[in-house]
Peer 1: 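Sharing a structure with you now.
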Amino acid sequence: MNIDFRRYREQKGISQESVASRLGISVEQLKNHEQFPAKVPMGMAVKWLQILGVDIATAMSEEIPPLQGIEPDNPYAELYRRLSLLNQYIDDTPFVDWLESPTDLPKPNDLKEQVKQYYQKPNVVLTGAFDSGKSYLANTLLGKKILPTGYQPATRVITIVCHVESRPEWFDGNVGIIDEKFWVDENGKLNFDFLYLEDRERCQKHFLQFGSFDLLEKYGVHQYDDSDDDSNDNGHTAIVYVDAPLLKACNLIDLPGYSDKQDEVSKDVEKANSATKIANVLLYASPAKGHINGQDMERLRNLLRLLPTPENECKDFPTLGNFFIVATHADPSIPDDELPKILNKASARLYKELNETAIEFRRKLTKQNITKEDVQKRFFTFWSERPDRCQSLFDDLTQLLCQTLPKTVICRIDREINAVKYDNEQKYADSIEQYETTVTKIEEYRKELEKAEKNEPERQREMRQKRSKVSKLINDLEKDTRKSFQTYATKKIDVEFIEQMIRQRYNQKKEAQEYAPGYLVDLLQSHVENRISVNSEKLKVEIDAFLEKYPVPKLPNKDGTVVSIPFDTKGAFLGGIAGLGAYGALAAWAAGLGNLGSYILVAKFVSLLSALGISIGGGTATVISFVAAIGGPIVLGIGLAAGLASLMWNLFGEAWQKRLAKEIHQHFKKQGVVEKFLGGIDQYWQDTATGFEKGADAVEAKCKQSLEHLREITSPETQSKERIEKLLVNLEKLRVFFADIPWDTQGKCL
């Protein structure tokens, strides 16, 4: 029976406590039953209706038709078929037993590893404050009750729900609970790489327990009784495999809720912050009553900066099409004509607060205009017992998952595989030509090699100087960023500026109290982003010069032409920094490599750029999200608006705008906002410095390897010529391998 018990109770004006007492259940159980009326036992339903004085026949005639879960068909079936054929092609390629060359040209196995990434479905992430109904929304999307729900902060782990077909054969059950170390990569950083889930040894090492859906109740939710001994605190993530149509098109990820309490950031919030960067589609849940408060606004500022930009990949992708703000708990107590007003007011507030900052950042990143109307279209209501209050959300999400997003994903994969195909064919052709020339001129090269070896100490001295110059520039740019921010922050956190800002933007005390602190933080963040963007471009020029003029050992012919067995300095640099997990300004440098071509096979780096919202084929990004670059939002302890929630207003004396400005000024000082931003700036440039040293080390190592290679192939021993001839045979095999990759573009990309 799917009866709207809550509506009948509210119509009668009876409290939840009264009904729960007469039914002999707890208030929490009653709340849960009102959320899930279809799960109420028949006997209890009959008694409940008697308490409410509702005729059972009337209730059954008004029974709510259950809302079906989203069914986007299987939009990636054809893509997976093509990928399977590509894998078969790779497996059928005759094995090349060796290919020793300082160029480190891509091999078939590199492509096979990249193809694994292409099987990964997009991630739909649900986030929001606790008690905002995220898990209930997730269950409705799935079409079945899988995730625990409740009116208390329930979810305590990151819950990743995947289709049962992707469950490894050795996975025992439907649910696995893993510890946080499962996601830690070789550099000690959290890396939510879903390919880890296919690593049996890694899973067996870090999975705490396998089992049925009951594990979600044991490990996945908070307990609020005296017996809770926190014995399950090691649980970080729940992996859940379900047979649900929705999961043919995506993975569904339910994050722990944010808390508005004035205390240090909880473990739940840390988990939520760490995982938001894996979202391809974001659903932000906020109750319809009090929709999008100051705390919501603070989070949305950062989430919008972290969200990828499919608009850069496919011209048909709707503006902000992967961004959903859902007014949950849109129950019948809210009149039909009030819901549009709630959404319109909330979207207008969001546009007003973020237009100059996070939305403007998005405009620069996508090179698209974003209007107030575009933002308004991204607001939806949700109440599962009333299909008219969630049909728009379901229709839009179905369209996205069934058509719009798959088209974008396929466009990207088409472009990347074709870039791998054509760029690597050309690379191999160039290498073949270089080695063939070497074979015919080998006697002349032996003499010239001696000159190159004698010049080696001078070459190394020159490169140390050039490296030192770039390192000094990084240090100078860090100082400039800090100085620029400190000057800007001093002006913006000044009491007079804050007062003037409040007078210009807010007419009501409550509105100013709730939104002004977050707006001020957003101004500071936008200034940092703009400054590091400018400085990152300065560094990009120097890194390009450093790599382009790298003194690779060369052997000039008598006719004056220069021949060598060069290595790809940019490729060597990328290989040196791939997998670091944090890149700072080097992300802006990599974004300027165009479509990256063969560098796409440096999979970890391409994944990072995607996480930063940079489309590899979308051209150079002019702005890098500071939030994404440092791995997540700067944590300011408690929410700034929450910190001012208890502020009392004097009836006499100073104007409320002046009083609030002073309170915000003091609150920012107490929270150490400037110092935390400076810490983020230092981290950004330290990541840049570390990455540059790693990359430069890799380039130098390849340079020395190139010199050694020249020494070997110009040796007077007969084996040298034979070695080159064998190398040429293998190079030709691999050139043909990449040239014949069976892949044709299916969709039109930008």
Peer 1: Will you find, in the side chains of Asn312 and Thr309, an N or O donor that is under 3.5 Å from an N or O acceptor?
Peer 2: yes
Peer 1: Do Gln500 and Glu496 touch side chain to side chain, with heavy atoms closer than 4.5 Å?
Peer 2: no
Peer 1: Between Glu71 and Leu246, is there a side-chain heavy-atom distance shorter than 4.5 Å?
Peer 2: no
Peer 1: Set out, in order, the CA-CA distance, both residues' side-chain angles and the distance that settles side chain to side chain contact (heavy atoms under 4.5 Å, CB included) for Lys492 and Leu524, then state yes or no.
Peer 2: CA-CA 8 Å; Lys492 297 302 179 186; Leu524 299 178; 4.2 Å; yes
Peer 1: For a salt bridge (charged side-chain N to carboxylate O under 4.0 Å, His left out) with Arg505, tell me which candidate from Glu353, Glu511, Glu514 qualifies.
Peer 2: Glu353
Peer 1: For the atom pair CG (Leu137) and CG (Leu252), what is the distance rounded to the nearest 0.5 Å?
Peer 2: 8.0 Å
Peer 1: Would you name the heavy atoms of Ile325 and Leu350 that are closest together and state the gap between them?
Peer 2: CD1-CD2, 3.6 Å
Peer 1: How far does NE2 of His329 sit from OH of Tyr136, to the nearest 0.5 angstrom?
Peer 2: 10.0 Å
Peer 1: Picking from Thr127, Thr237, Ile278, Val161, what satisfies side-chain contact (heavy atoms from CB on, under 4.5 Å) with Ile253?
Peer 2: Ile278
Peer 1: Determine, step by step, whether Thr381 and Leu343 satisfy the side chain to side chain contact (heavy atoms under 4.5 Å, CB included) criterion, reporting the C-alpha distance in whole Å, the side-chain angles of both residues, the deciding distance to 0.1 Å, and the verdict.
Peer 2: CA-CA 8 Å; Thr381 59; Leu343 298 189; 3.7 Å; yes
Peer 1: Quick one: does Ser286's side chain have a donor or acceptor within less than 3.5 Å of a partner on Ile292's backbone?
Peer 2: yes
Peer 1: Below 4.5 Å, heavy atoms only, C-beta onward: do Val495 and Gln666 meet side chain to side chain?
Peer 2: no
Peer 1: Walk me through whether Leu30 and Phe5 qualify under side chain to side chain contact (heavy atoms under 4.5 Å, CB included).
Peer 2: CA-CA 10 Å; Leu30 183 103; Phe5 293 104; over 6 Å; no
Peer 1: Of all the heavy-atom pairs spanning Leu147 and Ala138, show the shortest one and how long it is.
Peer 2: CD1-CB, 3.6 Å
Peer 1: Which atom pair, heavy atoms only, marks the closest approach of Val157 to Ala238?
Peer 2: CG2-CB, 3.9 Å
Peer 1: Taking the ring centre of each residue, are Phe324 and Phe380 less than 6.0 Å apart?
Peer 2: yes
Peer 1: Could you check whether any side-chain N or O of Asn123 sits under 3.5 Å from a backbone N or O of Ala279, counting only pairs where one atom can act as donor and the other as acceptor?
Peer 2: no
Peer 1: Would you tell me whether Asn302 and Gln525 have side-chain atoms, one donor and one acceptor, within less than 3.5 Å of each other?
Peer 2: yes
Peer 1: What are the two closest heavy atoms between Ala346 and Phe379, and how far apart are they?
Peer 2: CB-CE2, 3.7 Å
Peer 1: Is it true that a side-chain atom of Lys134 and a backbone atom of Leu255 form a donor plus acceptor pair closer than 3.5 Å?
Peer 2: yes
Peer 1: Take atom NZ in Lys377; do more than 12 heavy atoms of anything else shown fall under 6.0 Å from it?
Peer 2: no
Peer 1: Would you sort out whether Leu304 and Leu320 count as a side chain to side chain contact (heavy atoms under 4.5 Å, CB included), showing the intermediate values?
Peer 2: CA-CA 9 Å; Leu304 191 55; Leu320 296 175; 4.0 Å; yes
Peer 1: I'd like to know whether Asn355 forms a side-chain hydrogen bond (donor to acceptor under 3.5 Å, both in side chains) with Glu360, so could you lay out the CA-CA distance, the side-chain angles of the two residues, the decisive distance to 0.1 Å, and finally the verdict.
Peer 2: CA-CA 6 Å; Asn355 181 45; Glu360 179 61 21; over 6 Å; no
Peer 1: Nearest 0.5 Å, please: how far is CG in Leu520 from CD1 in Ile498?
Peer 2: 5.5 Å
Peer 1: So, Glu499 and Lys662, do they make that salt bridge, N to O below 4.0 Å?
Peer 2: no
Peer 1: For the backbone of Gly128 and the side chain of Ser132, can you confirm whether one donor and one acceptor N or O come within less than 3.5 Å of each other?
Peer 2: no
Peer 1: Does Gln11 have more than 12 heavy atoms from other residues, nucleotides or ligands lying within 6.0 Å of its CD?
Peer 2: yes
Peer 1: Examine the side chains of His527 and Ser484 and answer whether a donor and an acceptor come within less than 3.5 Å of each other.
Peer 2: yes
Peer 1: Which atoms form the tightest heavy-atom contact between Ile532 and Trp685, and what is the distance?
Peer 2: CG2-NE1, 4.3 Å
Peer 1: Are Arg386 and Asp336 close enough for a salt bridge, meaning some N to O gap below 4.0 Å?
Peer 2: yes
Peer 1: Can you confirm whether more than 12 heavy atoms, excluding those of Lys144, are under 6.0 Å from its NZ atom?
Peer 2: yes
Peer 1: Would Glu311 and Arg362 count as a salt bridge (Lys or Arg N to Asp or Glu O under 4.0 Å) if you check the C-alpha gap in whole Å, the side-chain angles of each, and the deciding distance to 0.1 Å?
Peer 2: CA-CA 10 Å; Glu311 298 97 321; Arg362 190 86 177 184; 3.6 Å; yes
Peer 1: Would Lys289 and Ser333 count as having a side-chain donor-acceptor pair, cut-off 3.5 Å?
Peer 2: yes
Peer 1: Verify, without hydrogens or angle tests, whether His665 (side chain) and Ile493 (backbone) share a donor-acceptor contact under 3.5 angstrom.
Peer 2: yes
Peer 1: Answer yes or no: is there a side-chain heavy-atom contact under 4.5 Å between Leu365 and Phe361?
Peer 2: yes
Peer 1: Determine, for Asp480 against Lys483, whether the closest basic-nitrogen to carboxylate-oxygen distance falls under 4.0 angstrom.
Peer 2: no
Peer 1: Just by distance, no angles: are the side chains of Tyr284 and Asp296 close enough, under 3.5 Å, to form a donor-acceptor pair?
Peer 2: yes
Peer 1: Kindly indicate whether the side chain of Ile664, heavy atoms from C-beta on, has any atom under 4.5 Å from the side chain of Ile502.
Peer 2: yes
Peer 1: Quick check: does any side chain N or O of Asp396 sit under 3.5 Å from a backbone N or O of Ser392, one acting as donor and the other as acceptor?
Peer 2: no
Peer 1: Which atoms form the tightest heavy-atom contact between Phe668 and Pro517, and what is the distance?
Peer 2: CZ-O, 3.6 Å
Peer 1: So, does Thr408 use its side chain to make a donor-acceptor pair with the main chain of Glu313 at under 3.5 Å?
Peer 2: no
Peer 1: Backbone N or O of Thr481 within a donor-acceptor pair of the Arg531 side chain at under 3.5 Å?
Peer 2: no
Peer 1: Do NZ/NE/NH1/NH2 and the carboxylate oxygens of Lys31 and Glu34 come within less than 4.0 Å?
Peer 2: no
Peer 1: Report the distance from atom NZ of Lys352 to atom OH of Tyr519, rounding to the nearest 0.5 Å.
Peer 2: 9.5 Å
Peer 1: What distance do Asp522 atom CG and Arg301 atom CZ have between them, rounded to the nearest 0.5 Å?
Peer 2: 4.5 Å
Peer 1: Would the distance check show the side chain of Asp687 and the main-chain N or O of Tyr583 forming a donor-acceptor pair, the cut-off being under 3.5 Å?
Peer 2: no
Peer 1: Would you tell me whether Arg378 and Asn322 have side-chain atoms, one donor and one acceptor, within less than 3.5 Å of each other?
Peer 2: no
Peer 1: Are Gln657 and Lys509 close enough that some pair of their side-chain heavy atoms sits under 4.5 Å apart?
Peer 2: no
Peer 1: Can you see whether Gln508 engages Gln513 through a side-chain donor-acceptor pair at a distance of less than 3.5 angstrom?
Peer 2: no
Peer 1: Out of curiosity, Leu660 CG to Met501 CE, how far, rounded to the nearest 0.5 Å?
Peer 2: 8.5 Å
Peer 1: Hey, are the side chains of Leu141 and Leu283 touching, using non-hydrogen atoms and a 4.5 Å cut-off?
Peer 2: yes
Peer 1: Centres of the Tyr506 and Tyr515 rings: under 6.0 Å?
Peer 2: no
Peer 1: Think Arg389 forms a cation-pi with Phe382, using NZ or CZ under 6.0 Å from the six-ring centre and within 45 degrees of its axis?
Peer 2: no
Peer 1: Just wondering, do Ile334 and Leu339 contact through their side chains at under 4.5 Å, heavy atoms?
Peer 2: yes
Peer 1: If we count only N and O atoms by modelled type, under 3.5 Å, do the side chains of Ser526 and Arg305 hold a donor and an acceptor together?
Peer 2: yes
Peer 1: So, Thr371 and Asp374: side-chain donor and acceptor under 3.5 Å apart, yes or no?
Peer 2: yes
